[in-house]
Amino acid sequence: MGKRDQTGAPAKALFRRLFAINGLLFAAGTLVLAFSPATVSSPVLVTEAPVLAIGLTVMLAANALLVRRSLAPLDSLATVMQRVDLLHAGDRLADNDTGDLAHLVRTFNGMLDRLEADHSASSAAALTAQESERQRIARELHDEIGQSLTVVLLGLKRTVDRAPVALREELHTVQEAIRGCLDEVRRVARRLRPGVLEDLGLHSALKELSTEFTQASGLPVHRHLDTGLPALSENVELVIYRIAQEGLTNVARHAHATRVDLSLISTPEHLTLTIADDGRGGVIEEGTGIRGMLERALLVGARLTVRSVPGEGTEVVLVIPTSGRSTR
């Protein structure tokens, strides 16, 4: 019963306000007719019609103005509803000067808080499961397929040593192909599970990532990585690494760039990761890659922005606040 009364309170308060507005206007009109020298004949005289029209116009205008002010927060509420996106957190409706709709506004903001919290929790669980699956696949690639290819290489080497001279060239070709497959398997395993991030830290992991990107794509990466980084948690380091990885992958696939800049700048208030290219830029579609980066940024309370100007390239900026919060 208490919940029903609380739910109906905004509607009752709004009804009382509209009833009071209309009642006051009708009472004011009645008092004007009662105490003013104006009279109304039956039938209405031609000279009295303009007075009645002016009085009706004034009452309607006053009623429209007062009712519009009372319902104005509904326009703002509808606007926020249309633009709200759980991947862009923090969009709220101000609850000041909202009169009888203040409870409705607070309820709506509370609903967004709950939705964002639930979305963040579900995204964290999904990304954690994704990372676990990546680690499992990386281990299988490295331990099983990698070892199997190594055994094949060793056996092929013994075969080459005993093979006739006429077959050795073909066997060497097969041997190099298998060695290339082994290197590719190890490279994929490293991308799935960045062991250097766990062993040597974020700075070295970003260096290796940019080096591998240049070797694979041929695009030079100009790095500017601060060495005096604050102590970061494993989650924050992994988010930075994955967003840098996805940003470089997008450059290789879509940008048609000739240069990439990768920077990680530390200030007392923020840690800022930037991936910028000089490619074609243009319209940004929030596909799986960008949405994944946005979800990862939300997990650590960071803000991700993507700026892309046609003909001027694309810039991805991740800003992680470090002042007033623990990064350990």
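Computed from a predicted model, the values in this text were never measured in an experiment.
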Query raised in the report: Would you say the side chain of Q175 lies within less than 4.5 Å of the side chain of H172, judging by non-hydrogen atoms?
Result: yes
Requested in this report: Measure the shortest side-chain to side-chain distance between L229 and L264 over non-hydrogen atoms and say whether it is less than 4.5 angstrom.
Outcome: yes
Query raised in the report: Hey, what do you get for CZ (R187) to CG (L141), rounding to the nearest 0.5 Å?
Result: 12.5 Å
Query raised in the report: Any side-chain heavy atom of D261 sitting closer than 4.5 Å to one from H224?
Result: no
Query raised in the report: I290 and V309: same hydrophobic cluster, using ILVMFWY side-chain contacts below 4.5 Å?
Result: no
Query raised in the report: CG/D278 to CZ/R259 distance, rounded to the nearest 0.5 angstrom?
Result: 7.5 Å
**Report entry** Within one Ile-Leu-Val-Met-Phe-Trp-Tyr cluster: I265 and Y241, side-chain cutoff 4.5 Å
**Finding:** no
Query raised in the report: How about R179: does its CZ atom have over 12 heavy atoms from other parts shown lying under 6.0 Å from it?
Result: yes
Report summary line: Rounded to the nearest 0.5 angstrom, the CZ-CG distance for R296 and L318 is 11.5 Å
Query raised in the report: Apart from V319 itself, what residues make up its hydrophobic cluster, given side-chain heavy atom links below 4.5 Å?
Result: V317
Report task. Might you point out which heavy atoms bring S210 and L248 nearest each other, and give the distance in Å? Result -> CA-CD1, 4.5 Å
Query raised in the report: Which residue, D277, V221, L262, forms the side-chain contact (heavy atoms from CB on, under 4.5 Å) with V251?
Result: D277
Query raised in the report: By side chain to side chain donor-acceptor pair (under 3.5 Å), which residues pair with E170, not counting sequence neighbours?
Result: none
**Report entry** Side-chain ion pair, R291 and E295, N-O less than 4.0 Å
**Finding:** no
Report task. Write down the atom of L219, the atom of T214, and the distance for their closest heavy-atom approach. Result -> O-OG1, 3.0 Å
**Report entry** Nearest non-hydrogen partners of L206 and A244, listed with the distance
**Finding:** CD2-CB, 3.8 Å
Report summary line: Looking only at heavy atoms, the pair that brings L202 and I240 closest together is CD2-CD1, 3.9 Å
Query raised in the report: Which heavy atom of A302 sits nearest a heavy atom of P321, and at what distance?
Result: CA-CD, 4.3 Å
Query - L271 and L232, any side-chain heavy atoms less than 4.5 Å apart - result: yes
Requested in this report: Report yes if the side chains of E212 and Q245 come closer than 4.5 Å at any heavy-atom pair, otherwise no.
Outcome: no
Query raised in the report: What residues form a salt bridge (charged side-chain N to carboxylate O under 4.0 Å, His left out) with D183, not counting sequence neighbours?
Result: none
Hey, can you pull the donor-acceptor pairs under 3.5 Å for the side chains in residues 150-161, sequence neighbours left out?
| residue | atom | partner | partner atom | Å |
| --- | --- | --- | --- | --- |
| T150 | OG1 | G146 | O | 2.8 |
| T159 | OG1 | G155 | O | 3.0 |

Query raised in the report: Which heavy-atom pair separates H270 from T322 by the least distance, and what is that distance?
Result: N-OG1, 3.4 Å
Report task. For S204, check side-chain contact (heavy atoms from CB on, under 4.5 Å) against everything at least two apart and list the hits. Result -> V196, L200
Query raised in the report: To the nearest 0.5 Å, how far apart are CZ in R186 and CD1 in I145?
Result: 13.0 Å
Query raised in the report: What distance do E208 atom CD and L197 atom CG have between them, rounded to the nearest 0.5 Å?
Result: 10.0 Å
Query raised in the report: What's the spacing between K207 NZ and R223 CZ if we round to 0.5 Å?
Result: 6.0 Å
Query - Listed partners of D226 passing side chain to side chain donor-acceptor pair (under 3.5 Å), at least two apart - result: none
